Amino acid sequence: MSRIDDYVPVAGASEVEELRLLAARLEGKTIRNVNSTAVGGGVAEILTRMLPLLKELGVDARWDVIKGNERFFAVTKNMHNALHGMDVPVTGDDLDFFVDVNRRNAAEMDLASDILFIHDPQPIALVERKGDLGGKWIWRCHIDFTDPRPEIWAFLKGYIERYDGAVFSAPAFSRPLSVRQVLISPSIDPLSDKNRDLGEDEIDRVCAGYGIDRGRPIVTQISRFDYLKDPVGVIKAYRMVKEHMDCQLVLAGGGATDDPEGLRVLDEVKREAEGDPDVLVLFLPPASDIEINALQRASSVVLQKSLKEGFGLTVAEALWKAKPVIASAVGGIPLQIAHKYSGILTRTVEGAAFWIKQLLQEPEYARKLGVNGREHIRANYLITRHIRDYLLLFLSLYFEKDVIRL
Ligand code: UDP
């Protein structure tokens, strides 16, 4: 496990010292994170790395996961899709059931804390206990809120406005709310197995294990198998490229315990890929960090063709490895990529195909994009900056009168 001082060489001594000073101010305060999965997806990824560091800094940070059955996660996935603008049914019955499961969790969990940091919609109704438990309640939203279906937004808003504040990942997600809103982007951990430097031998070993030929171009997308990551669109783009030049496509990802749609999407992707030995569809088990790291590092080009994206940790992970990234101009992705400077932004299958060809044909240009991308991530999206933003947010809750409302 990494120690806070290990971050000095990458983030700088003053940044690490600042974390110590801020954390000391939170002495005696309990901060409880609650989300809906311990494995899979960006939130679990961040909390797994951040909690031990917060604890080392002396912050009493905890993490609990709400419990739900199959129906609950089917409802929350529909809510998730509806919040991303998809026309999926979420009935009054579903919402009653959703609230019911939240209430059962609230009754069973030990929620007593100074600060409750509730992640994403699944546990949002725990805030009903704010009145009897007290404490400061913050809702942390990791999802893309550019175009939510109005009914589901209205339902959620009723809960968000019971919190003391809401945190969004990108300015584009800010919406009219009666409570304070804060912008804090996510981050990656440069020292985790997912992102640390790897030797060429380790990369070779992983690629050989999957039958990937490192002597030919490799185009990769790493993502949960989710419609919103558009894996089928990735295969279509690859096919357009393949008419003109040789390359392999790797689509790798696992599921998350709070995402029941994964296997259905995986089946669709496998059908689409059938018959082409150069398309490798990998269903990864949890804790495939070194494998993901190696696949990203082995790639000639990394894609993230999401239709919606809260932030897209996979983009930051690939840029950190100085890879040329072609990603959709949606959600939080444009925070990470300045088009033609630190990567490529596109919106269509044709656009993705065009740019894959360009970058495979112009490796020097592709290399420059990657180098710029890495520096952008280093300066803005490492875990140390993220911890600092959270500590400042927590502290600000105790200095409300000094907050200037715009
Ligand atoms: N990830 C993983 N295994 C997988 C697929 C994804 O560990 O099979 C990781 C990925 O490397 C990234 C995170 O899960 O760190 C996904 O975060 P992102 O913001 O890209 O998307 P989300 O899944 O939260 O929508």
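Residues: numbered from 1 along the sequence shown. Just so you know, ligand 1 is whichever comes first in the structure, and atom 1 is the first atom listed for that ligand. In what follows, every heavy atom counts, from backbone to side chain, and hydrogens, waters and symmetry copies are set aside. A quick note: this is a predicted structure, and the numbers were derived from the prediction, not measured.
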Ionic contact status for Asp164 with Lys130, cut-off 4.0 Å: yes

Test your reading of the structure: does Lys229 have an N or O sitting under 3.5 Å from an N or O of ligand 1? yes

When you measure from atom 16 (C) of ligand 1 to each heavy atom in Gly40, Gly331, Gly42, which option holds the nearest one? Gly42

Would you check whether Ile292 has a nitrogen or oxygen atom less than 3.5 angstrom from a nitrogen or oxygen atom of ligand 1? no

Does the Lys NZ or Arg CZ of Arg32 fall within the cation-pi geometry relative to Trp63 - under 6.0 Å from the ring centre and within 45° of the axis? no

Crowding at CZ, Arg25 (>12 non-hydrogen neighbours, <6.0 Å): no

Does at least one non-hydrogen atom of Ser288 fall below 4.0 angstrom from an atom of ligand 1? no

N or O pair under 3.5 Å between Ser223 and ligand 1: no

Taking distance alone, with N or O pairs closer than 3.5 Å, would you say Gln296 contacts ligand 1? no

Judged by modelled atom types alone, do Asp258 and Ser36 share a side-chain donor-acceptor pair under 3.5 Å? yes

Sidechain N-carboxylate O distance under 4.0 Å for Lys194, Glu45: yes

In terms of atom number and element, which parts of ligand 1 are under 4.0 angstrom from non-hydrogen atoms of Arg224? 5 (C), 22 (P), 23 (O), 25 (O)

Polar-atom distance check: Phe311 versus ligand 1, any N or O pair below 3.5 Å? no

As an exercise, identify every atom of ligand 1 less than 4.0 angstrom from a heavy atom of Gly254. 4 (C), 5 (C), 8 (O)

Examine the proximity of ligand 1 to His142 and report which part, side chain or backbone, both or neither, has a heavy atom under 4.0 Å away. neither

Nearest heavy atom to atom 10 (C) of ligand 1: which of Ile46, Val315, Thr314 does it belong to? Thr314

Can the ring centroids of Tyr163 and Tyr159 be said to lie less than 6.0 angstrom from one another? no

Residue part near ligand 1, for Glu317, under 4.0 Å between non-hydrogen atoms: side chain

So for ligand 1, is Ala252 a polar contact partner (N or O within less than 3.5 Å, distance only)? no

